[in-house]
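Numbering of ligands and ligand atoms starts at 1, following listing order.
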Amino acid sequence: MVRILPISDPGTLDAAIEVLRRGEPVAIPTETVYGLAADATDPAAITSIYEAKGRPRFNPLIAHVANIEMARAHVTFSPLAERLAEAFWPGPLTLVLPLKETGKIHPLATAGLGTAAVRMPEGFARELIAEFGRPLAAPSANRSGRISPTTAQHVADDLGDRISLVLDGGNCRIGVESTILALNDGRLRLLRPGGVPVEAIEEAVGMAIERPGKQSGGGPVIAPGMLASHYAPDAQLRLNATEARPGEAIIRFGGTPLAGEDQAKSVMDLSPSCDLREAAANLFDLLKRADATGATGIAVAPVPGHGLGEAINDRLNRAAAPRN
Ligand code: TXA
Ligand code: MG
């Protein structure tokens with residue numbers, strides 16, 4: 001049986017450290033989504049993450065750090081990377097930076113690439129890493145290809161038979177994964193839209209971020225998690241819906257009813273007040289709830305594409321993509 005321990009309980013931090021020291025993974029809350037964390041320097045611990053998730057080994061993991069010194073021990077910061085870390089850490093921004101030869105992040109965590117994705121999370125996750133003293137590799141705590149978890153119960157539902165400990169920090173504040181940026185030759189490329197809006201980053205550093213064309217298989221893998229079908233519910237998703245079809249689960253945005261909603265299986269709203277932050281925080285939970293109604297289809301109303309809307313629409317498009 002999986003143990004679920006509230007982060008506010010006094011013994012929780014020590015219990016988590018004990019499991020991590022044994023080289024086993026622990027599901028932890030972060031401000032974005034729950035992560036499945038293990039020692040990023042220990043190959044057996046990293047292997048246990050891939051196994052619990054059923055994740056392909058070519059898809060590298062984010063190394064989470066407690067402070068900038070811990071990050072500097074493993075990757076090289078350019079002046080631009082320093083500025084980004086200064087502006088957005090701790091927080092939902094992941095930087096892909098060159099590995100140092102003296103660094104200790106294991107190649108299993110980076111899938112053998114010459115770079116590592118690094119992020120400093122907020123709150124309890126950061127305290128845990130500081131106490132552990134080494135970076136924690138942590139992908140989202142869901143089975144590979146499924147919707148990311150934003151509550152401890154989501155994790156227990158999805159991975160409860162595969163891991164021993166889930167730390168419960170309540171609902172994730174942001175609700176979508178971190179924004180991932182690659183830094184090369186002073187250029188910034190968006191590998192994944194996420195919790196920090198692109199506009200906010202562009203404003204902070206005064207330069208434009210390139211958006212590479214969406215990957216659809218074939219070609220070199222730059223952020224393997226960017227493969228099309230991801231975040232998949234069982235039901236088929238229909239996006240930008242303006243009318244409901246009989247038997248569908250409806251996900252509205254902005255409080256506006258869809259035509260024909262009275263024939264729908266269920267009706268929920270990402271944010272009745274048109275707040276994209278609220279919509280992001282609700283997104284994965286509402287997708288799971290809509291799926292749990294047993295509806296064959298989920299219709300989602302249009303969501304604006306600016307700010308956090310870019311990450312929301314990215315996740316919706318992946319969830320709607322054809323499955324293999
Ligand atoms: O908010 C988040 O980022 C959450 C929480 C737990 O921190 N983590 C997360 O991890 O979303 P994951 O594994 O689901 O997504 C990590 C993404 C994947 O798309 C992976 O391919 C990409 O980061 N990635 C990791 N290392 C990379 C590297 N060296 N170069 C390019 N992409 C990399
Ligand atoms: Mg994931």
Side-chain angles (χ1 to χ4, degrees), residues 25-38 40 46 49-50 52-65 74-76 88-99 103 105-126 128-129 135-150 154-155 158-159 167 169 172-184 189-196 212 214-215 220-232 280-281 284 308 311 314-315 318-319:
V26 177
I28 63 168
T30 82
E31 72 278 34
T32 57
V33 300
Y34 277 72
L36 187 60
I46 299 160
I49 294 178
Y50 284 107
K53 280 184 62 89
R55 179 176 175 120
R57 310 279 165 118
F58 60 76
N59 192 359
L61 309 175
I62 296 174
H64 295 71
V65 296
H74 305 282
V75 291
T76 302
F88 294 104
W89 282 4
L93 178 67
T94 295
L95 302 175
V96 175
L97 300 174
L99 282 168
I105 296 173
H106 196 275
L108 273 175
T110 58
L113 299 171
T115 54
V118 184
R119 151 167 134 81
M120 186 194 300
E122 295 170 9
F124 181 86
R126 188 175 174 206
L128 179 70
I129 300 161
L136 291 179
S140 50
N142 52 279
R143 292 194 214 181
S144 188
R146 306 282 283 270
I147 297 167
S148 296
T150 54
H154 291 161
V155 181
D158 205 24
L159 292 176
L167 308 187
C172 297
R173 183 171 69 77
I174 291 171
V176 291
E177 300 86 343
S178 60
T179 303
I180 306 182
L181 284 184
L183 290 83
N184 304 95
R189 280 184 314 145
L190 182 69
L191 299 187
R192 179 177 75 183
V196 182
K214 293 247 153 41
Q215 285 178 258
V221 172
I222 49 169
M226 298 284 285
L227 293 170
S229 177
H230 206 71
Y231 307 95
F284 293 146
L308 279 178
D314 172 80
R315 303 309 186 268
R318 290 176 203 290

Q: Just let me know how Ile180 lines up against ligand 1, side chain, backbone, both or neither, with a heavy-atom cut-off below 4.0 Å.
A: side chain

Q. Under 3.5 Å, side chain of Arg126 to main-chain N/O of Thr30, donor-acceptor pair present?
A. no

Q: May I ask you to say whether Arg119 pairs ionically with Glu31, meaning some side-chain N is under 4.0 Å from a carboxylate O?
A: yes

(Q) Closer than 4.0 Å to some heavy atom of Ile62 - which atoms of ligand 1 meet that? (A) 3 (O), 8 (N), 9 (C), 10 (O), 16 (C)

**Q.** Atoms in ligand 1 with a heavy atom of Leu113 nearer than 4.0 Å
**A.** 28 (C), 29 (N), 30 (N)

(Q) Would you say that Phe88 contacts Leu95 through its side chain, given a criterion of any heavy-atom pair below 4.5 Å between the two side chains? (A) no

Q. When you measure from the side chain of Ser140 to the backbone N and O of Asn142, does any donor-acceptor pair fall under 3.5 Å?
A. no

Q: Below 4.0 angstrom from a heavy atom of Ser140, which ligand 1 atoms are there? Numbered from 1 as shown, please.
A: 8 (N), 9 (C), 10 (O), 12 (P), 14 (O)

Q) So which bit of Arg189 gets within less than 4.0 Å of ligand 1, heavy atoms only: side chain, backbone, both or neither? A) neither

Q. Is any N or O atom of Arg119, backbone or side chain, closer than 3.5 Å to an N or O atom of ligand 1?
A. yes

Q: Any atoms of ligand 1 less than 4.0 Å from a non-hydrogen atom of Ala138? List them with their elements.
A: 6 (C), 8 (N), 10 (O)

**Q.** Arg189 vs Asn184 side-chain heavy atoms within contact, under 4.5 Å
**A.** yes

Q.
Any nitrogen or oxygen of Tyr34, side chain or backbone, less than 3.5 Å from one on ligand 1?
A. no

Q. Can you tell if the side chain of Thr115 reaches within under 4.5 Å of the side chain of Pro60, non-hydrogen atoms only?
A. no

Q) Can you tell me if Asn59 has a non-hydrogen atom under 4.0 Å from ligand 1? A) yes

Q. Can you tell which part of Thr115 has a heavy atom less than 4.0 Å from ligand 1: side chain, backbone, both or neither?
A. both

(Q) Which residues pass the ring-ring contact (aromatic ring centres under 6.0 Å, His included) test with Tyr34, not counting sequence neighbours? (A) none

Q) In chain order, what residues pass the side chain to side chain contact (heavy atoms under 4.5 Å, CB included) check against Arg143, with sequence neighbours excluded? A) Arg146, Asp158, Leu159, Asp161, Arg162

(Q) Nearest 0.5 angstrom please: Arg192 CZ to Leu181 CG, how far? (A) 11.0 Å

Q: Report the member of Ala182, Ser178, Ala137 with the shortest heavy-atom distance to atom 2 (C) of ligand 1.
A: Ser178

(Q) Using heavy atoms and a 4.0 Å limit, tell me yes or no: is Pro121 in contact with ligand 1? (A) no

Q: Answer yes or no for Ser140: is there an N/O/S atom below the 2.8 Å cut-off from the Mg ion (ligand 2)?
A: yes

